[in-house]
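Quick caveat, the model's predicted, so the values are computed rather than measured. Here is the naming used below: chain letters follow the sequence lines, and residue numbers restart at 1 for every chain.
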Amino acid sequence: MSLDISEITPYNFSVVEKKWQKFWREKKSFKTCIDASKPKCFVLEMFMYPSGKVHIGHVRNYTIGDIIARYKLANGFAVLHPVGWDAFGLPAENAALKNGRHPKEWTYQNIQTMKKQIESLGFSYDWEREFATCDEKYYAYQQKIFLELYKKGLIYRKKSEVNWDPIDQCVLANEQVIDGKGWRSGAIVEKKMLSQWFLKITDFADELLSEINHLDGWPEKVRTMQKNWIGKSEGCLITFKSSIGEYIEVFSTRPDTIFGATFLAISPGHPLAQKLSKTNSTIKSFLESIKIGSTSTEQIEKQEKIGIDTGITVDHPFLNKKLPVFIANFVLMDYGTGAIFSTPAHDERDYEFATKYNLPIIQVVKSNDNFPEKLPYSGDGILENSEFLNGLSVTEAKNKSIDKLCEMGIGQRKVFFKLRDWGISRQRYWGCPIPIIHCEKCGIVPLHENNLPILLPEDVSFDKTGNPLDHHPTWKHVNCPICNSEALRETDTLDTFVDSSWYFLRFCANNPENIELLDSKSIKQWMPVDQYIGGVEHAILHLLYARFFTKALAECGFTNVREPFKNLFTQGMVCNNTYKSKNGDWLFPSQVRKTEDGTYELIDTGEKVTVGRSEKMSKSKKNVVDPDEIISTYGTDALRLFVVSDTPPERDFPWSDEGLEGSWRFINRLWRLFVFAQANGVCSEKCKDVIDYENLSDNIQQLYKIYHVSIKNITLALEDRAMNKVVAYIRELVNCIYMNLENIQNNSSVFSVIIRDLIKMLAPISPHISEEVWNILGFNGLVSENPWPKYDEKYTIVETINLPIQVNGKLRGTIDICIDEKEENIFEKALALQTVQNAIANRVIRKKVFVKGKIINFVV
RNA sequence: GCCCGUGUGGCGGAAUGGUAGACGCUACAGACUUAAAAUCUGUUGUCCUUUCGGGCGUGGGGGUUCGAGUCCCUCCACGGGCACCA
């Protein structure tokens, strides 16, 4: 039977894709398999904020996750691959303000829309475990967790200076302030004193830091970022006695340089500075002058170093010498003790300050090489001018100086962290209520577990600024559970990052109806997450909080894991070209066309258009594409294939309409191949795994070997998560089959085996077409339920190769040889090449290099 | 300033120290077609050469090696993170 492959009816993706999505949904094909005899694999993509519509970035993120989940399933793992919604948060309230819709309604409506979109992408989720963090059941349990953490002393309330976002009217955590601006609103953050709830993340600073070293399944970049954020520094607290009798405590990581100290500097916020300003008008006006213009963090950083001599001196601990005390603007109050001793010779900031105020600079560390150092010098070296420290290395001197200071009773070893406790209060409605009562008599009263949940009132109004919970007429008025007198509910809600700090534990619950949401047996079965996938923008915020929360919950006995994510994969952003009109407005790519001379113009008017660089797709830059539109034009399979083609998944992905069309063409090329195969007798019954290899024709033998090599390459690439290579190898195999169509169509058993495994390997990426042809060709069950193909190493061994021949390291030709051919024969053949002879040009061969199966090189 | 990361055709990117450019996009050509589209088959780093073949090529410079995109030193460019953290 023969069939012209070009005549085959085009693939009707929209019917096929809908058909299988319906089938998977109705048959619950991807319900989690709770089989203890199988190795488990928890595949999780960072869950979605229901902002309204799915964008291409989501598609890429979830496609990568889905490929891994489906691949693991085919490899015999019990896979947990859940889906959910990070549903509390400000945008819901902003939408409420803007168009008068209730945040709850807005959120659940968005979830519904986006769920439909997600389903149209054919992901292998266990939908039975789906939940949203704004579901009453979820946040009720979160309140229980809050109370447990409170009991454990991991939550406390403190009045402190906080980051206040004037647009969102809300407090932000340090992690949520980026370049002095709110991470969401972009408003310049102000400082404000407020009573706030804090989580004691600093209790875990050491563990959070040291465990990073064991997270070898994480990108190095993210590990470094977390280390820097935690910012551990080891050093010494030193007490100096001042001329007015008071003691000043400073922190230093370089106590070895104490003999080079020439002054002390204290922060303008230091208690001593504050005290002096009350009696000394010069100091007072100095402190006032530096306050001006110091509202934003950015400005502070660029400020010139200035200070004022207090007239006070302190005694040097080892020398009979007085050091002046300055108030200096570059000393921060909220790090260390707010006071430092300054060694200008070995610290850049001290050097700058000392130069400006003509303070002495004494070098006490000499670098190991003999070049004179350019000061300030902060590198390693040998101590000098330092009495008992002379001749020691920096490390030795650090220890010895600290020991000595301790002995004298004025020193103390000390570790400081940059990491601050996590402020979790938010003055907003759409979040998890904090289960606390404020009573005038009894103070802070945590609710009893039996009084949970505290549900959000639905009848709220957003017409006043500030927190709607606070203006609600009745909600906050309660009686104190202890003394029964009138009391007030806490009206702050929890930061949404709390919601996302334990959702993965909730996904573990094998019985989601169970009130005991943190079921330790289920958690033990599934945690940690074997593969977590998400954007690198969460490197610090979410990933650090989630690590901390997991540890805190373990501490409270909820779980047995201390690290939530074993392997982390951070995918790149989807980027697209940007276009701007003459007057600087962004333009949609659809408004622009390329002209013959390679420039771009507006389709409507022909006006010239500036092409910007490729940037992350965003609505504001108008360089977005709509997944729904693409799915209806090219199909989900083509889209899924495209977003993992060409570019390694960890890198930014350049969108191109041509590339997408190429993927669509490939899906059709596959379809034609499958239909052709069916017409030529390919079917389930013809698949025999024992092939009479020796009696195959040369062409078929070659194809059969390529097929084994393909399985090997594709499998290894998938293990490496190099989806772009997976696609390349699949295309290579398909190209080879196409080239051998005439030969292979007469051998339906080999053809069947190759087609069967091609479908299996395609299935994780483009599952719909795979499922369809699997069904058409009569294979058993679903392709996703079938095991991953295996390759036989013996067919991947190369027997004959095209051996490159070099002369002096330059390629001069190749010879076809059998891999086991004798060395002397190979040399003979190589030397017989005219090109090799020309290159040797009668010179003497000084050396012959032969690497079996690799190369020959003649050195002349 | 400090710490990471990345530099390969017109573009996205392949390449255990061993034939640089797999696979794709773009472009061009041929076949099919009345024609176009689609499809199938080629070509596509660059320069010299009718051919055979040869020169130059992985950001720049140096080094190790029979042999370097890959290893070492150094410089440059771009991207990201942190940034008076004592």
> Taking the side chain of A:T814 as heavy atoms from C-beta outward, which of B:G13, B:G24, B:U19 is closest to it?
Replying inline: B:U19
>> Give me the distance, rounded to whole Å, that separates B:U39 from B:A20 when you measure between the P atoms they each carry.
In response: 34 Å
>> Please pick, from B:G54, B:C84, B:G81, the nucleotide with the shortest atom-to-atom distance to any side-chain atom of A:M225.
In response: B:G81
> P atom, B:C66 versus B:C75: distance in rounded Å?
Replying inline: 28 Å
>> Between P on B:C4 and CD1 on A:I540, what's the gap in Å once rounded to a whole number?
In response: 16 Å
>> Suppose you measure atom P in B:G5 against the same atom in B:C73; what distance do you get, rounded to whole Å?
In response: 13 Å
> Looking at the side chain of A:L811, which of B:U19, B:A86, B:C40 is the nearest nucleotide?
Replying inline: B:U19
> How close or far is atom P of B:G13 from atom CH2 of A:W655, stated in whole angstroms?
Replying inline: 16 Å
>> Just the rounded figure in Å: distance from P of B:C25 to CG of A:L660.
In response: 12 Å
> Any idea which of B:C66, B:G54, B:C40 is nearest the A:R672 side chain?
Replying inline: B:C40
>> If I pick the P atom on B:U51 and the same atom on B:G67, what distance separates them, to the nearest angstrom?
In response: 32 Å
>> Using OP1 and OP2 only, check whether a side-chain N or O of A:R651 sits under 4.0 Å from B:G80.
In response: no
> Is there a side-chain polar atom (N or O) of A:K847 under 4.0 Å from OP1 or OP2 of B:C66?
Replying inline: yes
>> I'd like to know if A:E823 and A:K852 make a salt bridge, using a cut-off of under 4.0 Å between side-chain N and carboxylate O.
In response: no
> Are OP1 or OP2 of B:C23 and a side-chain N or O of A:S645 less than 4.0 angstrom apart?
Replying inline: no
> Do the ring planes of A:F416 and A:F251 sit parallel (below 30°), tilted (30 to 60°) or perpendicular (above 60°)?
Replying inline: perpendicular
> Is any side-chain N or O of A:R223 closer than 4.0 Å to OP1 or OP2 of B:C3?
Replying inline: no
> Which value, in whole Å, describes the distance between the P atoms of nucleotides B:G1 and B:G13?
Replying inline: 29 Å
> Using 4.0 Å as the upper bound for N to carboxylate O, is an ion pair formed by A:K398 and A:E234?
Replying inline: no
> Taking atom C1' in both B:U6 and B:G12, what distance in whole Å separates the two?
Replying inline: 15 Å
>> Given B:U26, B:C4, B:G55, identify the nucleotide with an atom nearest to the side chain of A:K810.
In response: B:G55
> Expressed in angstrom and rounded to an integer, what is the separation of A:E658 atom CD from B:C25 atom P?
Replying inline: 10 Å
> Please give, in whole Å, the distance from B:U16 C1' to A:K712 NZ?
Replying inline: 11 Å
> Side-chain N or O of A:N857 less than 4.0 angstrom from OP1 or OP2 on B:U65?
Replying inline: no
>> Under 4.0 Å between a side-chain nitrogen and a carboxylate oxygen: does that hold for A:D206 and A:K232?
In response: yes
